[in-house]
2 protein chains.
Amino acid sequence: MTRLHAGNPDPVRAILDGMAAWAGAPADEAQCPVRDVLDRVGQKWTLLILVALEPAPRRFSQLQRQLRDISKRMLTQSLRQLERDGLVSRQVFPTKPPSVEYALTDLGRSALPAIGALLVWADDNHEAIRASRAAFDAEEVA
Amino acid sequence: MTRLHAGNPDPVRAILDGMAAWAGAPADEAQCPVRDVLDRVGQKWTLLILVALEPAPRRFSQLQRQLRDISKRMLTQSLRQLERDGLVSRQVFPTKPPSVEYALTDLGRSALPAIGALLVWADDNHEAIRASRAAFDAEEVA
DNA sequence: AAGGGCGGTCTATTTATGAGACCATATCTC
DNA sequence: GAGATATGGTCTCATAAATAGACCGCCCTT
């Protein structure tokens with residue numbers, strides 16, 4: 001499994017094969033690396049936060065302003081998880097009032113190209129997607 | 001925005017800039033291409049289903065077996081959304097009992113490299129992530 | 001006649017997310 | 001010195017999303 005690389009002509013198929021190996025005990029499913037990480041990706045703010053930290057480290061309230069419609073609660077929770085996963089670091093400065101700076105770790109930064117690829121795809125194809133939705137909805141009504 | 005390409009030396013920053021353009025009216029946030037697509041990505045089964053369809057078209061119950069712990073309800077719902085978005089096609093064969101085949105469209109297939117990159121990253125780095133989690137949890141208790 | 005596979009829908013429960021009040025501290029404004 | 005502002009959170013309560021699993025009609029096999 002760990003010999004997969006971006007240059008692989010068909011990495012997706014190889015990963016599928018790898019995932020199949022976790023078909024055994026139901027309890028093991030959670031241990032499957034792909035599922036494990038995809039669960040994180042499947043949390044609403046994870047990717048957005050990583051992207052927001054790309055240009056430079058940011059403070060809690062800076063992040064909240066930048067993501068505009070995230071609640072403090074979710075921001076706290078998401079940052080804690082990212083910190084636990086080792087993708088983001090948290091540093092407290094003893095100013096008055098104290099300020100807290102969040103930054104990408106090397107591990108976190110290593111995820112950006114893959115995330116970026118997804119964003120580029122989103123950007124390139126969202127017109128087609130919106131058109132498809134409109135067509136689908138038009139048929140529904142008919 | 002649509003001039004972003006995978007070869008761009010720093011596509012992520014460019015996208016950030018693009019996202020900033022959607023900072024205006026709160027209602028417009030939902031129209032931001034990145035947020036729009038990321039919402040879909042942030043649904044638990046979307047990526048997994050796309051990956052599962054990569055090798056070949058599959059029927060409903062084949063998919064359910066392959067994804068093992070998805071409920072029929074979520075599988076139905078996720079497939080409908082993917083169909084609406086134009087990433088997956090649905091074809092009914094008038095056999096007895098009728099069989100329904102789901103397949104990737106060209107648009108759906110075009111998303112796979114980006115998703116693949118994410119899976120490869122997950123596969124390469126999940127050991128580091130698990131280690132980080134263990135370390136974090138150990139400190140918590142202490 | 002009973003059981004199974006097919007592609008779903010429906011209800012009820014659990015989990016995730018969101019809105020917003022609250023806190024202690026300190027600073028700036030009037 | 002009263003009031004507003006900012007810091008990084010936590011807490012509670014409501015809503016939205018995901019899950020488990022019963023149920024359905026249809027047909028085939030046993």
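Here is how names work: the chains are called A, B, and so on, in the same order as the sequence lines, proteins then strands, and each is numbered from 1. As the structure is a computational prediction, the values presented were derived from the model and not from experiment.
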*Is the shortest side-chain N/O distance from B/Lys44 to OP1 or OP2 of D/dT19 below 4.0 Å?*
yes
*Which whole-number value in Å describes the distance from A/Arg73 CZ to C/dT17 P?*
9 Å
*asked:* Contact between B/Val41 and B/Leu47 at the side-chain level, heavy atoms closer than 4.5 Å - yes or no?
replied: yes
*Would you say the side-chain atoms of A/Trp121 pair up with the backbone N or O of B/Ser110, donor to acceptor, closer than 3.5 Å?*
yes
*For the pair made of CG in B/Leu67 and P in D/dT19, what is the distance, rounded to whole Å?*
11 Å
*For D/dT7, does OP1 or OP2 lie under 4.0 Å from any side-chain N or O of A/Ser61?*
yes
*Return the value, rounded to whole Å, for the distance between atom CG of B/Leu75 and atom P of D/dA17.*
19 Å
_So, OP1 or OP2 of D/dT19: does either fall under 4.0 Å of a side-chain N or O from B/Trp45?_
yes
_Chi angles and distances behind the side chain to side chain contact (heavy atoms under 4.5 Å, CB included) call for B/Leu119, A/Val37_ = CA-CA 8 Å; B/Leu119 299 195; A/Val37 175; over 6 Å; no
_Between C1' on C/dC23 and NZ on A/Lys72, what's the gap in Å once rounded to a whole number?_
10 Å
*Tell me which of A/Gln43 and A/Pro97 sits closer to the 5' end of DNA chain C, going by the nucleotide each one is nearest to.*
A/Gln43
*To the nearest angstrom, how far is A/Ile70 atom CD1 from C/dG20 atom P?*
16 Å
*Quick one: do the B/Tyr102 and B/Arg90 side chains pair a donor with an acceptor below 3.5 Å?*
yes
_Can you tell me if A/Ser99 touches the phosphate of D/dT7, counting only side-chain N or O atoms and a distance under 4.0 Å to OP1 or OP2?_
no
_Does a side-chain N or O of B/Arg65 approach OP1 or OP2 of C/dC6 to a distance below 4.0 Å, or not?_
yes
_Separation of atom CG in B/Asp69 from atom P in D/dA18, rounded to whole Å_ = 14 Å
*Cationic N near anionic O, under 4.0 Å, B/Asp69 to B/Lys44*: no
*Could you state the CZ-P distance from A/Phe60 to D/dT10, rounded to the nearest angstrom?*
8 Å
_Rounding to an integer number of Å, can you tell me how far B/Tyr102 OH sits from C/dG7 P?_
8 Å
*Check every strand shown and say whether A/Phe93 touches a base, only sugar-phosphate, or nothing at a heavy-atom separation below 4.0 Å.*
nothing
